[in-house]
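Given the structure is predicted, the values throughout are model-derived calculations rather than measurements. Letters A, B, ... are given to chains in the order of the sequence lines, protein chains preceding strands, and every chain is numbered from 1.
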Number of protein chains: 2
Amino acid sequence: MTIETGERGVHVPARADDRQAFLDDFARMSTFGATAAGGVDREAATDADAAQRKWLAAWLTERGFQVRFDRIGNMFGLLELVPGAPFVLAGSHMDSQPRGGRFDGAYGVLAAAHAFDRLRRLYTDPSCPTRPAYNLAVVNWFNEEGSRFTPSMQGSGVFTGKLDLADALATADVAGVTVQDALGAHSMLGDDVFPLDDAGRFRDDRVAAYAEIHIEQGRELDKAGVTIGVVPSTWGANKYEIGVVGWQGHTGATAITDRQDALYGAARIVVALRELAETYGDELHTSCGQLTVYPNSPVVVPREVHMHLDLRSSSDDILAAADRDLTRMFAEIEIAADVRIEKRFAHTWKGHDYPAGGVALAEAVIGDLGFRSMRVRTRAGHDSTNMKDLVPTVMLFIPSVDGVSHAENEYTADDDMLDGVTVLTEALARMVEGALSASASPASAPPGSASPGSD
Amino acid sequence: MTIETGERGVHVPARADDRQAFLDDFARMSTFGATAAGGVDREAATDADAAQRKWLAAWLTERGFQVRFDRIGNMFGLLELVPGAPFVLAGSHMDSQPRGGRFDGAYGVLAAAHAFDRLRRLYTDPSCPTRPAYNLAVVNWFNEEGSRFTPSMQGSGVFTGKLDLADALATADVAGVTVQDALGAHSMLGDDVFPLDDAGRFRDDRVAAYAEIHIEQGRELDKAGVTIGVVPSTWGANKYEIGVVGWQGHTGATAITDRQDALYGAARIVVALRELAETYGDELHTSCGQLTVYPNSPVVVPREVHMHLDLRSSSDDILAAADRDLTRMFAEIEIAADVRIEKRFAHTWKGHDYPAGGVALAEAVIGDLGFRSMRVRTRAGHDSTNMKDLVPTVMLFIPSVDGVSHAENEYTADDDMLDGVTVLTEALARMVEGALSASASPASAPPGSASPGSD
């Protein structure tokens with residue numbers, strides 16, 4: 001292999017077959033949990049998820065990466081190039097929504113694996129003119145989607161000390177299977193891969209930086225015809241678990257005026273939620289994705305409904321105002337439907353900036369490679385949302401056609417995927433060589449606080 | 001035993017221990033599928049339902065009744081007193097709603113069993129001055145509730161030729177278990193107990209009449225302080241299966257204006273349904289008891305919702321008008337929520353009179369026994385709703401405290417239950433001796449037509 005610095009200072013060489021190898025691997029990966037309509041159904045710790053992880057483990061092992069699982073089922077592919085040095089992590093998640101798309105998450109893990117494999121080739125070639133400062137770790141986070149086990153971003157949440165490990169392991173799906181049992185059944189539970197501090201999160205002296213690439217799941221890149229998005233900040237989110245409690249009755253015999261119909265109360269919440277979004281324009285997204293009726297019999301007035309509400313906004317002030325609006329709406333609906341409404345936060349995060357150093361590095365790489373980019377705020381949560389509060393982080397997007405995501409017709413063009421791998425590879429090379437470590441790490445910020453923009 | 005004609009021509013003797021025996025049996029029966037809150041959870045062909053049927057079979061067998069199951073799991077306790085003569089049937093159903101009450105249905109089966117057992121004692125006593133014209137059959141209809149397997153009144157529906165046997169056996173619950181498999185697993189499938197005609201329904205020359213007693217499930221008797229209700233007619237019902245079809249999306253990333261949220265459409269239907277009921281006052285009951293969301297993930301905009309709507313009215317005209325209103329509402333909601341709504345009838349019956357002869361007989365018996373009664377139209381469907389179209393039928397109610405039903409706190413006082421058994425016993429004695437057979441049987445009316453009131 002000839003190491004070339006390439007045009008504009010780029011130094012990671014690509015082989016002629018790299019592009020096809022990536023597309024072949026992506027096609028293979030998309031067969032795990034594949035649906036008839038072109039999507040995947042591969043919820044966390046299901047057979048499909050486990051089969052895919054096994055395939056990825058073999059892929060990594062063949063290329064010299066050591067595969068390990070941590071205590072919450074995060075999967076790592078470790079390559080130690082500098083004995084004892086910290087690691088640069090890159091990856092995303094391979095679990096999907098039920099009947100979700102094949103790009104969401106999975107693309108980012110495969111992109112990180114290919115990028116680090118190219119760096120392995122680079123740094124193990126004696127003619128390489130540069131040296132890595134850090135080691136390489138591909139990461140496939142456990143349960144980013146949060147559909148089978150709530151909340152989402154669970155693996156990275158535990159890794160960053162934002163979620164309690166024991167609580168996470170005890171979380172059960174609707175069939176009563178816990179995370180612990182589901183991971184155990186597939187031999188996906190291990191020990192601490194990275195040493196933990198007293199707060200139960202990874203020690204930042206062992207993780208130097210993090211990078212993730214993901215499909216945008218929105219329309220902005222697609223509309224603008226731009227290949228790469230650099231994520232400077234996230235939307236905040238309030239997620240609620242709601243219980244609506246009424247009284248069971250007979251759909252025929254119980255007079256309308258006597259009803260305490262929990263589903264009627266819940267339906268009014270869903271309708272009011274949409275009206276709330278319309279009040280704030282495109283600055284607030286409101287959703288009810290999960291609603292379960294008890295006893296759910298055709299001839300019984302429902303006694304209880306459990307719902308999961310999801311409010312997201314670019315503005316923490318709007319989120320706070322929407323929370324007050326919800327409280328008022330619930331009081332009105334309790335009277336109108338003669339039900340009791342219980343509201344509690346399931347998960348909440350404020351809108352945050354990504355570390356400025358990561359944004360600058362990404363934009364420099366993109367400029368050097370000659371791609372067009374734009375900054376795109378992320379409305380969805382990602383594992384990088386957790387990581388960015390602790391270490392220098394780069395978050396990249398590639399386009400989603402028509403912004404479709406969490407759906408079987410999610411689509412990103414091959415060229416966009418390949419360009420994304422190229423950018424990620426170069427960004428990781430610079431991170432591995434220490435590009436982000438000269439500036440202050442944001443790791444001293446308390447988790448959950450606004451990230452300092454100093455790097 | 002001394003047979004007395006009793007005051008006012010009553011001739012069925014009661015033993016001193018009959019009352020306590022009934023209450024003891026009722027208490028025992030209520031242990032099958034008992035819930036902590038005092039109700040029962042005994043859906044059709046579950047283990048609890050099967051255990052209770054086994055208990056009833058032993059009870060009947062001990063007393064000389066021959067226990068048989070038919071092809072749809074209806075359970076009969078037959079006692080042939082007049083070789084070759086037709087049978088008078090009496091009973092109700094022992095299955096319950098999920099977390100339902102212990103009186104609904106079960107009371108009527110036990111009341112019929114006790115009433116017929118008293119008649120057995122009467123007619124097998126050589127000193128009895130009267131003779132039966134017909135034989136006795138206690139019946140425990142399969143799946144009256146329709147919660148596990150849709151539609152309701154399934155056993156009596158097949159028995160009366162209103163439902164197709166093969167269709168009913170192929171009906172599956174949400175876990176995919178069919179009626180055929182569930183009944184077979186509990187050895188509750190048999191042969192034709194009564195010979196069938198070419199239309200697949202019982203031959204009316206083998207069934208002389210039918211009687212059923214049931215809790216009212218409404219407030220009228222309780223409010224009026226009256227013990228016995230005589231049912232002269234039913235409300236009609238339209239039941240619909242609704243599919244709301246949208247497009248799956250990401251709750252964070254998908255813009256509100258791009259959403260095709262199936263749950264938002266479904267919620268608007270539930271709210272509009274309540275408004276529809278309010279338009280027609282107490283003459284229309286509207287409900288959605290069952291609503292299932294796909295994929296039902298906290299972070300996914302729902303792609304599809306399946307709902308079961310239930311409209312009931314005393315007026316067939318109002319039901320027809322409400323059906324037109326629904327069609328209009330659905331068209332509006334399709335536009336407002338950008339979803340597609342599929343509507344189809346699951347089950348429908350028109351408001352019907354019960355045969356006048358049965359009403360007159362019941363009122364004569366009640367008068368002779370010195371009880372107060374009133375006529376109460378039934379809003380709920382019952383197995384007698386099917387039977388009344390084919391044979392002379394008596395339908396009786398006893399009070400439900402506060403009208404509560406399909407709920408664990410359903411309650412009827414002991415004295416009301418015992419008075420009900422007394423009235424049913426005497427009515428059955430007269431039916432068995434031929435009281436309803438002199439008049440024209442309504443059995444010549446086509447099924448589903450309005451019943452003639454000539455008997």
Side-chain angles (χ1 to χ4, degrees), chain A residues 97-100 145-147 150 152 216-219 235 237 239 247-258 261 263-264 266-268 270-271 274 277-278 282 285-293 295-303 308 310 312 379-381 403-408, chain B residues 97-99 145-147 150 152 216-219 235 237 239 247-258 261 263-264 266-268 270-271 274 277-278 282 285-293 295-303 308 310 312 346 379-381 403-408:
Chain A
Q97 291 290 335
R99 287 174 57 177
E145 293 292 359
S147 53
T150 307
S152 57
E216 182 196 343
Q217 306 179 288
R219 294 171 176 272
W235 276 31
K239 300 187 176 191
W247 197 266
Q248 197 162 313
H250 190 296
T251 57
T254 309
I256 295 290
T257 47
D258 288 341
D261 181 341
L263 179 55
Y264 174 58
R268 288 190 59 142
V270 173
V271 172
R274 172 64 68 96
E278 287 164 354
D282 200 39
H285 284 184
T286 65
S287 314
C288 174
Q290 193 172 62
L291 184 149
T292 309
V293 180
N296 215 29
S297 165
V299 288
V300 176
V301 178
R303 72 169 179 274
H308 199 105
D310 183 314
R312 314 215 192 195
R379 301 177 182 203
V404 172
S405 187
H406 284 190
E408 291 167 293
Chain B
Q97 291 290 333
R99 287 174 59 175
E145 294 291 0
S147 54
T150 306
S152 56
E216 183 196 341
Q217 307 180 285
R219 296 170 175 271
W235 277 31
K239 300 187 177 190
W247 199 265
Q248 197 163 313
H250 189 297
T251 57
T254 309
I256 295 289
T257 47
D258 287 342
D261 181 341
L263 179 55
Y264 174 58
R268 289 191 58 142
V270 173
V271 172
R274 172 64 68 97
E278 287 164 354
D282 200 38
H285 285 183
T286 64
S287 313
C288 173
Q290 194 171 60
L291 184 150
T292 309
V293 180
N296 214 29
S297 166
V299 288
V300 176
V301 178
R303 71 169 180 273
H308 199 105
D310 183 315
R312 313 214 193 195
R379 300 177 184 203
V404 171
S405 188
H406 283 191
E408 291 167 290

Tell me, out of B:Thr150, B:Thr292, B:Val404, B:Val271, who's got the most heavy-atom pairs with chain A below 4.5 Å. B:Val271
Given a strict heavy-atom distance threshold of 4.5 Å, which part of B:Gln217 is in contact with chain A: side chain, backbone, both, or neither? both
Pair count under 4.5 Å, heavy atoms only, with chain B: among A:Ala253, A:Ser405, A:Pro298, A:Pro295, highest is A:Pro298
Is the shortest distance from a Lys or Arg side-chain nitrogen in B:Arg379 or B:Asp282 to a carboxylate oxygen in the other one below 4.0 Å? yes
Please check if the side chain of A:Asp310 supplies one atom and the backbone of A:Cys288 the other of a donor-acceptor pair under 3.5 Å. no
Proximity breakdown for A:Ala380 and chain B, heavy-atom pairs closer than 4.5 Å: both
So which of B:Glu216, B:Lys239, B:Arg268, B:Arg303 has the biggest tally of heavy-atom pairs under 4.5 Å with chain A? B:Arg303
Distance-only, no hydrogens or angles: does the A:Gln97 side chain make a donor-acceptor pair with backbone N or O of A:Glu145 under 3.5 Å? yes
Which of A:Glu278, A:Arg219, A:Arg274 touches chain B most, by non-hydrogen pairs under 4.5 Å: A:Arg274
Quick check for you: among A:Gly100, A:Pro302, A:Gly218, which has the greatest number of heavy-atom pairs under 4.5 Å with chain B? A:Pro302
Among B:Gly146, B:Gly249, B:Ala266, B:Gly381, which has the most heavy-atom pairs under 4.5 Å with chain A? B:Gly249
With chain A, which of B:His308, B:Gln290, B:Glu408 has the greatest number of heavy-atom pairs at distances under 4.5 Å? B:Gln290
With rounding to the nearest 0.5 Å, note down the distance linking CD in A:Gln248 to OG in A:Ser297. 8.0 Å
Separation of B:Arg312 CZ from B:His285 NE2 (nearest 0.5 Å): 9.5 Å
Nearest heavy-atom contact between A:Gly289 and B:Val293 is O-CG1, 4.0 Å
Portion of A:Thr251 that has a non-hydrogen atom of chain B nearer than 4.5 angstrom: both
Using 0.5 Å steps for rounding, measure from the NE2 atom of A:His406 to the CH2 atom of B:Trp247. 15.5 Å
Between A:Thr254, A:Val301, A:Ile256, the one whose heavy-atom pairs under 4.5 Å with chain B are most numerous: A:Ile256
Taking every heavy atom of B:Asn296 against every heavy atom of A:Leu291, the minimum-distance pair comes out as OD1-N, 2.8 Å
